[in-house]
Amino acid sequence: MGKIAILLLSGGIDSAVALYLLRSRGYDVIAISINYPGRWEREKESARELARLTNTKLIEVDLPFLREVDELWNSEEERPNHLRDAHPSTIPARNAIIYAVAAYYAETLGIETIVAGHNADDTKYFPDTSREFRKLISRALTIGTYIGRARGFRVIAPLSRLSKTEVVKLGLKLGVPFEYTWSCHNNYDVPCGQCNGCLARKRAFDELGVRDPLEEAISSGRDWWLLRKKPGTRP
Ligand SMILES: [Zn+2]
């Protein structure tokens, strides 16, 4: 039997690179995209496009209760003490929930590998992206699922030792169509250029001395999202 994995695909850079990396290593991939209210439309659509481009089955799961902490409370002062210093994009117990959802599909489909796109920068801000957490949840799912008891279960993050810049470098080598990825934390049609997501993305491409294909597509009028929104206005 061929290798198969479930990938958590967000439409951002990291999970897109993870998708192409898995394919280059001969994996069949089933992607899961988690839809929650704060998620940006273009990012959701990017996940769909990446799946379409790679012939990957995409399962979309709605989790309407999920909120980022900066939506749950208006200011850091209002947050409960233990979350006061949390990154604004933190979702309470995010990966415990998302890995569990992926484990549902893994058990159902007979797959024992879940892949997350976390990079080395994530571990600075999000405790649920640590290697220790993946190791322990892998152990729990090995004990607590039928597929795990039969074959062992693993939750892995193949990009977890790479910085954002190294992830982009790997993606360029793998031919990732970065114009179909979205990093902006705002629900705009084009990146705002100011938010943490945009700045981290820009830094990565700048450090490599490469122009971001998304920027290139937008400035040359060939951006897939804008073309789709305005049919007939561009060649
Ligand atoms: Zn932005």
Side-chain angles (χ1 to χ4, degrees), residues 8-20 33-51 53 60 63 66-76 79 83 85-92 94-95 98 116-126 128-129 159 162-172 176-230 234:
L8 294 158
L9 182 68
S10 69
I13 279 183
D14 301 320
S15 61
V17 172
L19 172 61
Y20 280 74
S33 173
I34 306 285
N35 296 331
Y36 56 91
R39 204 162 153 227
W40 317 292
E41 274 312 308
R42 181 163 173 160
E43 191 192 54
K44 281 189 221 172
E45 199 57 28
S46 295
R48 293 180 192 126
E49 285 298 324
L50 288 162
L53 287 167
E60 295 197 36
L63 295 180
L66 289 188
R67 295 284 186 287
E68 296 181 355
V69 294
D70 69 345
E71 288 179 65
L72 284 165
W73 295 281
N74 291 322
S75 66
E76 281 178 39
R79 288 184 207 164
L83 285 168
D85 298 325
H87 189 284
S89 301
T90 299
I91 292 175
R94 179 188 190 278
N95 289 335
I98 290 177
H118 315 307
N119 66 49
D121 302 336
D122 293 330
T123 56
K124 294 177 207 155
Y125 306 108
F126 306 108
D128 59 358
T129 61
L159 308 176
L162 305 183
S163 68
K164 191 83 172 178
T165 303
E166 290 167 327
V167 169
V168 170
K169 189 175 174 190
L170 174 62
L172 290 167
V176 173
F178 282 112
E179 63 275 27
Y180 287 96
T181 64
W182 183 250
S183 307
C184 184
H185 293 173
N186 291 297
N187 200 12
Y188 300 152
D189 288 329
V190 297
C192 76
Q194 310 287 321
C195 70
N196 287 335
C198 282
L199 293 176
R201 179 181 181 122
K202 184 172 174 5
R203 200 177 310 123
F205 279 98
D206 283 354
E207 279 179 16
L208 296 167
V210 174
R211 186 161 191 211
D212 183 344
L214 175 59
E215 237 180 71
E216 169 70 33
I218 290 168
S219 68
S220 64
R222 288 183 291 100
D223 179 57
W224 62 278
W225 175 265
L226 295 175
L227 287 176
R228 186 181 299 173
K229 292 201 104 178
K230 293 182 185 173
R234 301 271 187 186

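When a ligand or atom number is given, it counts from 1 through the structure's own listing order. Computation of the quantities below employed the complete heavy-atom set of this structure, encompassing side-chain atoms and omitting hydrogens, waters and symmetry-equivalent molecules.
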Partner residues of W40 under the ring-ring contact (aromatic ring centres under 6.0 Å, His included) criterion, sequence neighbours left out: H185
Salt bridge (charged side-chain N to carboxylate O under 4.0 Å, His left out) partners for E76, two or more places apart: none
If only protein N, O or S atoms under 2.8 Å count, total around the Zn ion (ligand 1): 4
Heavy-atom closest contact (T165 atom, L208 atom, distance): O-CD1, 3.6 Å
Sequence-distant partners of R79, salt bridge (charged side-chain N to carboxylate O under 4.0 Å, His left out), two or more places apart: none
Full working for side chain to side chain donor-acceptor pair (under 3.5 Å) between R39 and S10: CA-CA 9 Å; R39 204 162 153 227; S10 69; 5.4 Å; no
Qualifying residue, where the test is side-chain contact (heavy atoms from CB on, under 4.5 Å) with F178 and the options are L172, V210, L214: L172
